[in-house]
S.K.: 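This is the structure I have questions about; it appears just below.
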Amino acid sequence: MAAGSDVFEGLKNVGRSGLGAPIMITALLAMMVVPLPPIGLDILFTFNIALSLVVLLACVYAQLPLHFSSFPTVLLLATLMRLALNVASTRVILLEGHNGPEAAGEVINSFGNFVVGGNYVVGLVVFSILVLINFIVVTKGAGRISEVSARFTLDAMPGKQMAIDADLNAGVIDQEEAKKRRSEVVREADFYGSMDGASKFVRGDAIAGILILFINIFGGLGIGMAQHGMSFGDAVHNYTLLTIGDGLVAQIPSLVLSTASAIMVTRVSNAKDMGGQILSHLFSEPRVLYVTGGILGLVGIIPGMPNFVFLGLSALCIGGAYYGSKEGGRKPEKSLSAKTDSPAASGTDSAIKANAAPDDNKELSWDDVTPVDIVGLEVGYRLIPMVDKKQGGQLMSRIKGVRKKLTGELGFLMHPVHIKDNLNLPPNGYRIILKGVIAGEAEVHPEQDMAINPGQVSGGLNGIATIDPAFGLEAYWIDTSQRDIAQTQGYTVVDASTVIATHLSHILARHAHRLLGREEAQHLLDTLAKKAPRLVEALVPDLLPLGVVLKVLQNLLEENVSIRDIQTIVETLAEYAPSSQDSVMLTSMVRVSLGRSIIQNINGLSDELPIITLDPQLEHILLESIQASGGAGIGLEPGIAERIQQSLMKAVEQQEIVGEPAVLVVAAPLRASLAKFIRHGISSLHVLAFNELPEDIKIKVVVVIGNN
């Protein structure tokens with residue numbers, strides 16, 4: 001035992017040192033050139049059989065194909081080793097075959113005599129059958145599957161990358177997880193591409209086995225009769241048995257490796273070993289065994305049939321079905337109205353409440369006044385398992401990711417989401433509520449995926465047509481089995497939990513200004529006071545009341561400006577507060593200070609900003625309109641307002657086509673009123689003032705909006 005452990009440890013050390021592969025390749029070349037004694041062939045043939053079994057079992061027990069990502073390389077090396085052994089054994093057979101079937105070693109002799117009973121005709125038939133099974137059935141099928149898998153995997157890469165980006169943007173995953181998933185996509189493509197090539201080696205090995213058989217037989221006959229003076233019968237007996245033994249001892253490991261290759265490429269990417277998959281798929285439904293047992297029982301009672309075998313298997317199937325249904329009946333069913341609390345785990349208050357009968361004798365108190373949830377999510381009864389982690393629900397972790405992402409982007413702690421069931425909703429429906437008001441609702445199919453059309457897809461899908469609730473894009477609810485096909489055609493495919501989480505993220509970001517209250521504003525100032533105490537003390541309440549600071553922060557959030565840089569915001573307010581306490585004017589000054597951050601959020605790191613401007617005459621008309629209204633807003637004739645709106649929408653569409661942001665830059669007095677004027681009609685248009693543009697940024701005027 002100790003010696004075996006030392007040998008194994010020594011092999012591991014060789015592998016770690018990086019010498020394993022060079023040593024093995026050198027040994028393969030040596031086997032092709034250096035003559036091997038029969039005992040050496042016995043050891044190497046036995047090792048070859050053991051290696052093929054190890055590879056087969058590794059494929060069977062691998063939970064995912066990528067868990068055995070080195071399989072194509074192992075397959076190549078095992079194939080080369082077997083071919084090197086064929087060369088070495090051919091040399092021995094042709095040189096020593098005239099001495100009898102034992103001349104090439106015990107392994108070849110045993111396969112030539114014991115396995116086929118010493119009858120070379122039977123050996124030829126058995127060998128031919130093995131070759132046909134390996135070449136026509138296993139190798140050809142595995143090669144075709146490898147080719148198709150590689151093609152679909154490569155075609156699906158863009159869709160998978162888009163799905164990862166969608167999850168990242170929705171806050172479902174962070175940067176590290178996105179990086180990990182992208183790496184897995186690349187590894188998967190590399191794996192199936194390598195499997196496509198490795199399958200060609202297996203196919204070539206099967207062809208080589210057939211050719212080596214004929215070379216050994218005809219070459220042995222020629223050498224035996226011409227050089228060693230053997231009779232035709234003796235030569236046929238010796239060389240054919242040796243060749244058959246050599247062919248069988250090589251073809252059996254080849255068939256095992258071909259089977260391993262077929263198993264690997266036909267695996268479905270579930271985190272479960274093959275045995276677990278097959279058992280769960282074949283025997284999870286007792287009715288399958290009941291029907292099978294019934295059919296076998298009917299066949300078993302037919303006169304002349306092997307009754308004992310059929311009736312025995314029938315009883316076994318029916319007994320297994322009964323036991324399986326009984327075990328399934330023992331599992332407790334989970335109530336749809338159970339209460340699930342896990343706020344500590346995710347920061348999300350989950351309460352799936354039961355409808356208990358009220359106590360008529362209890363007096364009402366202030367405890368019966370239920371406060372309104374800041375953020376609420378109500379779900380239909382069929383969506384309850386999506387919330388329950390014990391049932392495999394992922395919605396809680398998705399919502400946690402959304403809160404974490406929005407907290408980082410917006411600059412204040414996003415409120416917990418209170419989840420509860422609502423029997424008045426459709427079974428698959430959900431509703432997002434902000435401060436007691438419905439902000440959005442939709443329906444999802446928890447067993448299916450949503451394939452979203454981002455605008456450029458190559459075909460249609462068989463599914464339920466719908467609309468993405470977050471962005472209003474065309475989409476389909478499809479079976480999970482169509483996921484790869486949809487991604488190949490360019491669709492962004494997400495599951496039902498991600499659909500709800502993305503919708504929630506979109507609504508929370510759009511209504512962030514409603515979610516920021518005095519408590520949150522005070523928390524921001526208290527946090528800043530830890531590193532800049534005098535700055536905060538000088539501003540609130542000496543220069544500005546907390547209410548004005550809160551209004552400025554809400555104005556920024558309403559215009560999609562992050563308040564993460566709270567120090568710059570407070571410094572700007574402290575600078576301009578002595579001259580004005582008007583929240584609109586103070587917001588404009590803060591926007592100027594945050595100009596670089598605003599531009600980077602819109603245009604990234606590009607040093608050139610494409611902008612839309614107003615015709616000077618139209619700008620003059622708008623300025624006069626604001627002055628006439630006393631600063632209350634833009635007052636225009638409906639016809640002029642509609643033309644401006646249509647011109648801006650057309651300009652935004654042009655920018656979206658070329659993949660550039662739509663930015664309207666106007667005079668500072670116009671910015672706030674014009675942004676409010678177009679906010680709800682054209683949400684993707686950013687309205688900036690000229691004084692908000694940094695001095696060193698390059699601008700490119702792409703559209704000028706006129707009055708006609």
Side-chain angles (χ1 to χ4, degrees), residues 148-149 151-173 178 181-182 184-185 188-189 268-270 377-387 392-395 397-399 401-402 425-432 439-507 509-510 653 656-657 659 683-684:
V148 173
S149 298
R151 184 182 305 167
F152 274 93
T153 301
L154 292 173
D155 290 344
M157 279 188 68
K160 292 180 179 179
Q161 295 282 8
M162 292 174 66
I164 295 171
D165 293 338
D167 286 348
L168 178 63
N169 294 332
V172 176
I173 58 177
R181 291 191 183 183
R182 292 192 184 101
E184 289 179 353
V185 170
E188 185 181 23
V268 180
S269 296
N270 290 336
L377 176 64
E378 297 180 352
V379 297
Y381 70 85
R382 287 197 63 198
L383 304 187
I384 291 176
M386 297 174 62
V387 182
Q394 299 293 323
L395 187 56
S397 59
R398 298 283 199 274
I399 292 177
V402 167
L425 288 175
N428 289 344
Y430 69 91
R431 178 180 293 166
I432 300 171
E441 57 184 353
E443 292 189 26
V444 297
H445 296 268
E447 306 87 2
Q448 296 181 314
D449 291 337
M450 175 180 280
I452 304 171
N453 182 359
Q456 295 179 345
V457 295
S458 58
L461 293 172
N462 293 325
I464 304 173
T466 185
I467 299 295
D468 170 38
F471 304 103
L473 299 175
E474 175 189 350
Y476 295 90
W477 285 107
I478 61 173
D479 292 334
T480 55
S481 60
Q482 299 185 59
R483 187 183 186 93
D484 290 341
I485 297 175
Q487 290 176 338
T488 302
Q489 295 179 354
Y491 288 87
T492 300
V493 184
V494 294
D495 58 20
S497 296
T498 304
V499 172
I500 298 176
T502 305
H503 192 191
L504 177 66
S505 175
H506 182 70
I507 287 179
R510 192 174 63 189
E653 291 176 358
E656 290 178 348
I657 291 174
S683 59
S684 59

S.K.: Tell me, do I399 and L504 make a side-chain contact under 4.5 Å, heavy atoms counted?
M.R.: yes
S.K.: Apply side-chain contact (heavy atoms from CB on, under 4.5 Å) to I500 and L395, showing your working.
M.R.: CA-CA 8 Å; I500 298 176; L395 187 56; 4.0 Å; yes
S.K.: If we ignore hydrogens and angles and just use 3.5 Å, is the side chain of Y430 paired with the main-chain N or O of G440 as donor and acceptor?
M.R.: no
S.K.: Would you say T498's side chain and V494's backbone share a donor-acceptor pair under 3.5 angstrom?
M.R.: no
S.K.: Are any non-hydrogen side-chain atoms of I464 and Y476 less than 4.5 angstrom apart?
M.R.: no
S.K.: If you take all heavy atoms of R431 and E441, which pair is closest and at what distance?
M.R.: NE-OE1, 3.2 Å
S.K.: So, do P469 and V499 sit near enough that their side-chain heavy atoms are less than 4.5 Å apart?
M.R.: yes
S.K.: Write down the atom of V444, the atom of P446, and the distance for their closest heavy-atom approach.
M.R.: O-CD, 3.6 Å
S.K.: If every non-hydrogen atom of G380 is compared with every non-hydrogen atom of L425, which pair is closest and at what distance?
M.R.: N-CD1, 4.1 Å
S.K.: Can you name the closest pair of heavy atoms from E656 and S684 and give their distance?
M.R.: OE2-OG, 3.5 Å
S.K.: Going through the distances and angles, do I485 and Q489 end up as a side-chain contact (heavy atoms from CB on, under 4.5 Å)?
M.R.: CA-CA 6 Å; I485 297 175; Q489 295 179 354; 4.0 Å; yes
S.K.: Name all pairs fulfilling the side chain to side chain donor-acceptor pair (under 3.5 Å) condition that reach into residues 442-457, sequence neighbours left out, sorted by first residue then second.
M.R.: R382-E447, Q448-D479, D449-R483
S.K.: Test Q394 against D495 for side-chain contact (heavy atoms from CB on, under 4.5 Å), laying out the working first.
M.R.: CA-CA 10 Å; Q394 299 293 323; D495 58 20; 5.6 Å; no
S.K.: Tell me if a side-chain donor or acceptor on S505 pairs with a main-chain N or O of A501 at a distance below 3.5 Å.
M.R.: no
S.K.: Starting at NE2 of H503, measure out to CZ of F471 and round the result to the nearest 0.5 Å.
M.R.: 9.5 Å
S.K.: From I507 CD1 over to I432 CD1, what is the distance, rounded to the nearest 0.5 angstrom?
M.R.: 3.5 Å
S.K.: Run the side chain to side chain contact (heavy atoms under 4.5 Å, CB included) test against A475 and tell me which residues pass, sequence neighbours left out.
M.R.: M450, I452, T466
S.K.: In sequence, state the C-alpha distance, the side-chain angles, and the governing distance for R398 and V402, and then conclude on side-chain contact (heavy atoms from CB on, under 4.5 Å).
M.R.: CA-CA 6 Å; R398 298 283 199 274; V402 167; 5.6 Å; no
S.K.: Closest heavy-atom contact between L383 and V379?
M.R.: CB-CB, 3.9 Å
